[in-house]
Asks: 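Quick one: the structure is below, and I'll ask about it shortly.
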Amino acid sequence: MTLANGTPTSPTRIAAAREVESMHNAEQCSKAARTVADHSADASDCLRLLDMLGLDPADGKRR
């Protein structure tokens, strides 16, 4: 397999790219969960909003 610019890809490069994407996604979910928590009226409001967004409350914990 090659990229659009002709650069060859390898399974190792693809796995590395997926890992970077996964880490980025985890960070975005963490930020989103904290933002929801900061703007929620109370705990039940926070849980309902997180559920609507498909976020886990544990996502907002600081790492």
Side-chain angles (χ1 to χ4, degrees):
M1 183 186 310
T2 59
L3 298 176
N5 66 2
T7 305
T9 61
S10 68
T12 305
R13 254 183 98 174
I14 293 170
R18 286 184 177 149
E19 179 63 25
V20 168
E21 178 184 15
S22 177
M23 290 175 16
H24 177 73
N25 185 50
E27 180 63 26
Q28 291 298 101
C29 287
S30 179
K31 287 179 181 180
R34 286 193 307 269
T35 299
V36 168
D38 288 344
H39 292 86
S40 298
D42 56 29
S44 65
D45 184 42
C46 181
L47 289 173
R48 187 170 30 87
L49 291 169
L50 290 172
D51 185 49
M52 280 191 249
L53 294 169
L55 296 170
D56 187 324
D59 288 342
K61 291 187 178 179
R62 299 268 179 198
R63 299 177 200 262

Asks: Which atom names give the shortest non-hydrogen contact between V36 and S40, and what distance separates them?
Replies: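 Reported closest heavy-atom pair: O-OG, 2.6 Å.
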Asks: Looking at residues at least two apart in the chain, or sitting in another chain, which of them share a side-chain hydrogen bond (donor to acceptor under 3.5 Å, both in side chains) with D45?
Replies: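 Checked D45 against side-chain hydrogen bond (donor to acceptor under 3.5 Å, both in side chains); matches are R48.
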Asks: Closest heavy-atom contact between A37 and C46?
Replies: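 The answer is CA-SG, 3.7 Å.
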Asks: Once you round to the nearest 0.5 Å, how far does OG1 of T35 lie from CG of L55?
Replies: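 T35 atom OG1 to L55 atom CG measures 10.0 Å (nearest 0.5 Å).
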Asks: Among residues at least two apart in sequence or on other chains, which ones pass side-chain hydrogen bond (donor to acceptor under 3.5 Å, both in side chains) with S44?
Replies: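 Testing S44 for side-chain hydrogen bond (donor to acceptor under 3.5 Å, both in side chains), a comparison that skips the adjacent residues, returns D42.
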Asks: Do you know the tightest heavy-atom contact between E27 and R34?
Replies: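 Taking every non-hydrogen atom into account, OE2-NH2, 4.3 Å.
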Asks: Using every non-hydrogen atom in the two residues, find where P57 and L50 come nearest and quote the distance to one decimal.
Replies: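 Result for this residue pair: CA-CD1, 3.8 Å.
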Asks: Quick check against the 3.5 Å criterion: does S30 have a side-chain atom that pairs as donor or acceptor with the backbone of G60?
Replies: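 Pair absent, no side-chain N/O of S30 close to backbone of G60.
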Asks: Identify each donor-acceptor pair in which a side-chain atom of residues 14-26 lies under 3.5 Å from a protein atom, sequence neighbours left out, and give them as a table.
Replies:
none

Asks: Hydrophobic clusters here meaning ILVMFWY residues chained together by side-chain heavy-atom distances under 4.5 Å, can you tell me if M52 and L47 are in one?
Replies: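 No, separate clusters.
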